[in-house]
Amino acid sequence: MALDYALLDVFADAPFQGTQIPVINLDGKTLDDDTRIAIASEFQQTQTVFMEPGNSAAPATVYSGRGQELFGAHTILAASHAAYEMGLAQDEGSFASFLLKQNAQLIESFIDKGENGPGAIQFARTLGPTVDRYTPEIPRLAAALNIDEKHIVFSKYRPLVVSVDTPTLIVPFTRPEHVLAASLNPDRWGELCGDVYTSDLFLFAPGSITGFSQFHGRLLNPDTPRDAFPPIGNVMPEFIAYLAEQPDTAAGTHTFAVDRGSERSRKSVLHAEFDKKPGREVRCRIGGNVIKIGVGSLLYP
């Protein structure tokens, strides 16, 4: 049996950048969970999207080598790009829309129409974050990150634990190069585990490695290799909620971009905006570009 697939570079401003997401077109074929897990493992990417054109209840699902997973920013954009090309998106005139269903939540994406296919893609979410202001002292946190404490910002931003989808310890740095240089010290981090109820950290700094963003970010946890730069799209809801929580963030609409990676690795650029209104949940939009980098057929018994 053959399955058509496409390889998409998500949050990429040029080919061979961003995060690669394989998208499988099931085209009426039925696959059980074990087979989907095996296929996702075969691609050896962070996640794989499966499109089912005839399944109006769940036209897209996400799997990794561990099993089925929730949609995140990268897979929402990948599924929306594929839906547009497969004719599953709703024509809205100057753009198209695509609706994903996840648990009790509806996620709507908006796809710009380009001359040669889908253009930029954006999706909207409403965030109801939980914020924990207790974090380890700066010296202990700096030691756990193998960084001088003077490189962790003291003025405008403070470390916070923010949870929307996944509890994340967000740590502000002074410059992008310090974010790139940070790494977890296993012994020092182990001493903090009893004080922090998450193992996921998002490090960020004002500035850019691409020259086109306001922030640089990096996701880190004990399983991350020293020189690895995992995708950061899934932590954008937490980062947006973190920015909205800052006392200096005025009510209104705020727009920013954040990049990820290094000059020697695949770079990503994510665009976001959010509405801050006193006493209300945070409404946000997250988007970027998707580039189709390859197509093929996957053969299996």
Side-chain angles (χ1 to χ4, degrees), residues 5-23 43-49 62 71-85 89 94-98 107 109-125 173 175-177 179-180 202-220 227-240 243 253-274 284-295:
Y5 70 86
L7 297 178
L8 304 180
D9 287 345
V10 181
F11 292 119
D13 285 347
F16 313 117
Q17 298 293 333
T19 299
Q20 193 167 93
I21 300 291
V23 179
F43 279 108
Q44 297 186 31
Q45 300 296 334
T46 53
Q47 293 171 317
T48 297
V49 173
V62 179
F71 275 97
H74 295 85
T75 48
I76 291 172
L77 264 64
S80 300
H81 185 282
Y84 182 94
E85 291 199 326
S94 60
F95 65 95
S97 63
F98 181 59
I107 303 172
S109 63
F110 308 95
I111 307 122
D112 289 344
K113 293 181 178 179
E115 293 183 2
N116 301 312
I121 302 173
Q122 183 182 79
F123 68 92
R125 285 192 62 182
F173 277 57
R175 299 177 64 87
E177 52 262 40
V179 171
L180 293 171
F202 182 66
L203 317 180
F204 81 96
S208 169
I209 59 166
T210 61
F212 301 103
S213 64
Q214 289 71 49
F215 298 104
H216 176 71
R218 183 182 179 192
L219 191 61
L220 202 62
D227 295 322
F229 304 95
I232 63 173
N234 289 2
V235 79
M236 280 302 99
E238 280 76 16
F239 184 49
I240 290 171
L243 293 177
T253 298
H254 300 265
T255 302
F256 68 92
V258 54
D259 59 23
R260 177 227 43 147
S262 72
E263 294 298 338
R264 299 183 301 276
S265 68
R266 298 174 68 98
K267 297 185 288 292
S268 298
V269 180
L270 296 78
H271 300 271
E273 62 181 19
F274 63 92
C284 72
R285 279 79 55 193
I286 302 170
N289 297 318
V290 178
I291 299 174
K292 182 188 284 187
I293 203 66
V295 295

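Taken to the nearest 0.5 Å, the CD atom of Glu177 stands 9.5 Å off from the NE2 atom of His216. Gln20 CD to Gln45 CD: the interatomic distance, rounded to the nearest 0.5 Å, is 4.5 Å. Within the model, atoms CD of Gln47 and OG1 of Thr75 stand 5.0 Å from one another, a figure rounded to the nearest 0.5 Å. To the nearest 0.5 angstrom, Leu8 atom CG is 7.5 Å from Glu85 atom CD.
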Contacts table for residues 110-120: side-chain donor-acceptor under 3.5 angstrom, sequence neighbours left out:
from   : atom 1 : to    : atom 2 : distance (Å)
Lys113 : NZ     : Asp91 : OD1    : 2.7
Lys113 : NZ     : Asp91 : OD2    : 3.0
Lys113 : NZ     : Gly93 : O      : 2.6

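Counting all heavy atoms, side chain and backbone alike, Ser268 lies closest to Gly18 at OG-CA, 3.2 Å. Heavy-atom minimum distance, Leu270 versus Gly233: CD2-CA, 3.6 Å. Heavy-atom minimum distance, His271 versus Ala257: ND1-CB, 3.8 Å. In terms of heavy-atom proximity, Tyr84 sits nearest to Ala89 at CA-CB, 4.0 Å. The two residues Ile291 and Ala12 come nearest to each other via the heavy atoms CD1-O, 3.8 Å. For the residue pair Asn234 and Ala73, the shortest heavy atom distance occurs at OD1-N, 3.2 Å.
Sorted by first and then second residue, the salt bridge (charged side-chain N to carboxylate O under 4.0 Å, His left out) pairs involving residues 5-17 (not counting sequence neighbours) are Asp9-Arg266. Applying the salt bridge (charged side-chain N to carboxylate O under 4.0 Å, His left out) test to pairs two or more places apart or on separate chains, none has a residue in residues 203-212.
By the side-chain contact (heavy atoms from CB on, under 4.5 Å) test, Thr210 pairs with Ser208, Phe212, Ser213, Asp259, Lys267, Val269, sequence neighbours left out. Every residue meeting the ring pair (Phe, Tyr, Trp, His ring centres under 6.0 Å) condition with Phe202, not counting sequence neighbours, appears here in chain and number order: Phe239. Partners of Phe123 according to the ring pair (Phe, Tyr, Trp, His ring centres under 6.0 Å) rule, which considers only residues two or more places apart in sequence or in another chain, do not exist here.
A donor-acceptor distance shorter than 3.5 angstrom exists from the side chain of Ser109 to the backbone of Phe98, with no hydrogens or angles considered. Checked by atom type and distance alone, the side chain of Arg218 pairs as donor or acceptor with a backbone atom of Leu180 at under 3.5 Å. Side chain of Arg260 to backbone of Phe229: a donor-acceptor contact under 3.5 angstrom is found.
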Q) Taking it one step at a time, do Tyr5 and Thr48 satisfy side chain to side chain contact (heavy atoms under 4.5 Å, CB included)? A) CA-CA 10 Å; Tyr5 70 86; Thr48 297; over 6 Å; no
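Ring geometry for Phe274 versus His254: interplanar angle under 30°, hence parallel rather than tilted (30 to 60°).
Two residues are said to be in side-chain contact when any heavy atoms from C-beta on lie closer than 4.5 Å; His81 and Ile121 meet this criterion. Residues Phe11 and Ile232 have side chains not in contact (no heavy-atom distance under 4.5 Å, counting atoms from C-beta outward).
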